[in-house]
Amino acid sequence: MRKKYIIVTGWVISGIGKWVTTASTGFFFSEKYNVCPIKLDGYLNIDPGTMNPHEHGEVFVLSDGAEVDMDFGHYERFLWSECSGVQSISMWKIFAGILEKERRGDFLGKTVQMIPHVTEYINERLEAIFDQMGGEICMIEVWGTVWDIEVELYLEAIRQMRRKKKTEDFLHIHITYIPTPGWVDEQKTKPTQQSVSLLQSKGLFPDVIMVRGEKVLTKASREKIALFGNLREDRVFSIPDVESIYTIPRLLEKQKFNKLVFGKLGIPFHESKKIETWEGTLLAPQEKVIKIGLIWKYTALEDSYSSVVEALKHVGHRLGVQVEISFIDTRKKHGIEKVKKCDGCIIPWGFWDTAIENIIETLTYIRENGIPCLGICLGLQLMTIEFMRNILWVPEAKSLEFDRDCSPHDVITLLDSQKDVVNLGGTMRLGKQASILKPWIIESLYEAGGRLTPSGAIFERFRHRYEVHPKYAKKLTKSSLHISWVSQKKWIVQFIEMDPKVHPYYTATQSHPELTSNLESPAPLFMGLVQACIK
Ligand code: GLN
């Protein structure tokens with residue numbers, strides 16, 4: 001099949017979920033075709049790896065070790081495929097490419113300009129990535145809103161792309177937000193109308209308008225948007241607020257969105273089987289409520305822990321329970337009181353010393369009172385410190401990350417491979433790594449989840465600089481907190497778990513199991529946590 005291009009732009013505000021449209025559109029093709037999403041970010045960082053999750057949301061890690069926007073998490077969960085770091089483009093990567101070309105002499109004799117050189121380079125790069133990834137349905141999501149100065153060059157590149165493509169190979173979906181101000185209680189279409197004329201002034205003509213809003217789009221609003229957007233009414237779609245993002249493909253299908261998109265791109269239509277599977281899972285009753293405390297500092301923005309939140313949803317659907325998350329900010333002192341109201345806890349990933357001692361104190365309570373607990377990355381490190389201090393007689397136990405002078409009590413120490421690293425961006429131990437099995441609870445969870453390879457290894461993605469000090473790891477092996485799995489290549493502690501005779505569920509991993517969780521295959525360690533809570 002000739003490559004088909006789907007562009008997704010957005011308007012009014014950021015955070016309306018352009019990714020929902022990208023991922024859901026790709027969803028309809030993903031059973032038959034290779035869908036390749038690319039995200040065009042406007043910022044000048046090379047990648048989001050050094051950004052604050054409160055500002056940017058979670059940093060998602062791909063198997064190849066690339067640190068990318070959290071949108072990629074949604075792409076992978078909706079499209080059933082692994083993405084590669086090359087699919088994440090920032091404006092800096094574009095400028096760096098231009099710089100390299102200029103030094104090489106590719107523009108010899110020319111004045112290098114934004115148009116045509118940068119815009120042509122953007123298109124060359126997009127094509128190269130789609131070729132490399134074998135993309136058939138090539139999706140491009142443009143960062144921010146179409147008004148942002150940061151995306152001007154991307155939009156111009158897309159205008160040039162459209163000129164060169166056949167009409168049936170190109171589809172532009174524009175997603176906007178329709179406000180319903182309380183004082184008039186009426187959907188207001190003006191911002192959407194304005195954005196279409198803004199796009200038109202840039203030579204872009206959306207083929208489909210996707211309208212986000214609190215409520216379903218009314219007939220009158222649809223008519224108005226179609227009229228001012230220069231579209232037929234059946235090209236205007238509505239995504240109201242929904243309980244679960246996984247219901248959106250069905251919601252779009254009911255509006256015949258998939259039929260329209262297949263038709264516009266000249267692709268023979270097929271029904272989605274995946275939609276039935278998802279619906280079966282989603283419609284199962286969720287009677288019991290399980291309350292999970294998520295303990296740490298990026299609690300002001302749910303997106304900071306986006307994949308953890310999603311993984312808990314996957315497990316809830318699988319086990320037929322409603323998982324309610326209580327965000328517990330340990331910088332405020334009453335962590336333990338809040339934990340008492342939860343069925344189980346998660347200590348997620350994190351960086352820099354913020355309220356670390358409060359978390360360790362809370363962990364003592366969790367461990368001593370048999371509250372099911374899962375530690376993720378930093379969570380594993382803190383659970384180890386707590387155990388060393390209170391059970392294995394190392395009262396001075398600390399992490400070198402939070403106290404540079406704590407040696408020889410650096411129970412958590414810098415990875416050997418990190419010792420000469422100077423730069424902070426993109427230098428952690430990143431990406432997919434194998435772990436070797438020791439038979440215990442974690443093994444049985446991965447086996448039940450169908451994630452054990454025939455050779456007895458499992459794979460998870462990592463993002464860390466510190467590890468359990470090998471010297472102290474030896475001490476652990478003789479205790480009730482077992483090292484269950486270690487890295488295949490080096491003796492790096494990757495999983496720990498407490499003897500089930502001592503605690504119902506106290507496991508942790510240096511990896512990020514939340515990143516590969518999806519509706520069809522929930523992350524085993526999250527399954528174990530919620531199962532223990534149900535018990
Ligand atoms: N800050 C810790 C480290 O770098 C934990 C990282 C994480 O939680 N992702 O090892």
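Both ligands and their constituent atoms are indexed starting at 1 by order of listing. Only this structure's heavy atoms are used, side chains among them; waters, hydrogens and symmetry mates stay out.
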**Prompt:** With no hydrogens and no angle check, do the side chains of Y246 and E310 hold a donor and an acceptor under 3.5 Å apart?
**Reply:**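 Note: Y246 and E310 side chains meet the donor-acceptor criterion.
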**Request:** Would you tell me whether D41 and Y43 have side-chain atoms, one donor and one acceptor, within less than 3.5 Å of each other?
**Result:**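 Yes - a donor-acceptor pair under 3.5 Å links their side chains.
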Electrostatic pair [X]:[Y] at N-O distance under 4.0 angstrom:
X    : Y    : result
E386 : R367 : yes
R250 : E279 : yes
E514 : K313 : no

**Request:** Taking only heavy atoms of the protein into account, state which residues are under 4.0 angstrom from an atom of ligand 1, in chain and number order.
**Result:**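 Shell around ligand 1 (4.0 Å, heavy atoms): W349, G350, F351, C377, L378, Q381, E401, R463, H464, R465, Y466, H512.
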**Request:** Taking all heavy atoms of V321 and all of Q286, pick out the closest pair and write down the distance.
**Result:**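 V321 and Q286 have their closest heavy atoms at O-NE2, 2.9 Å.
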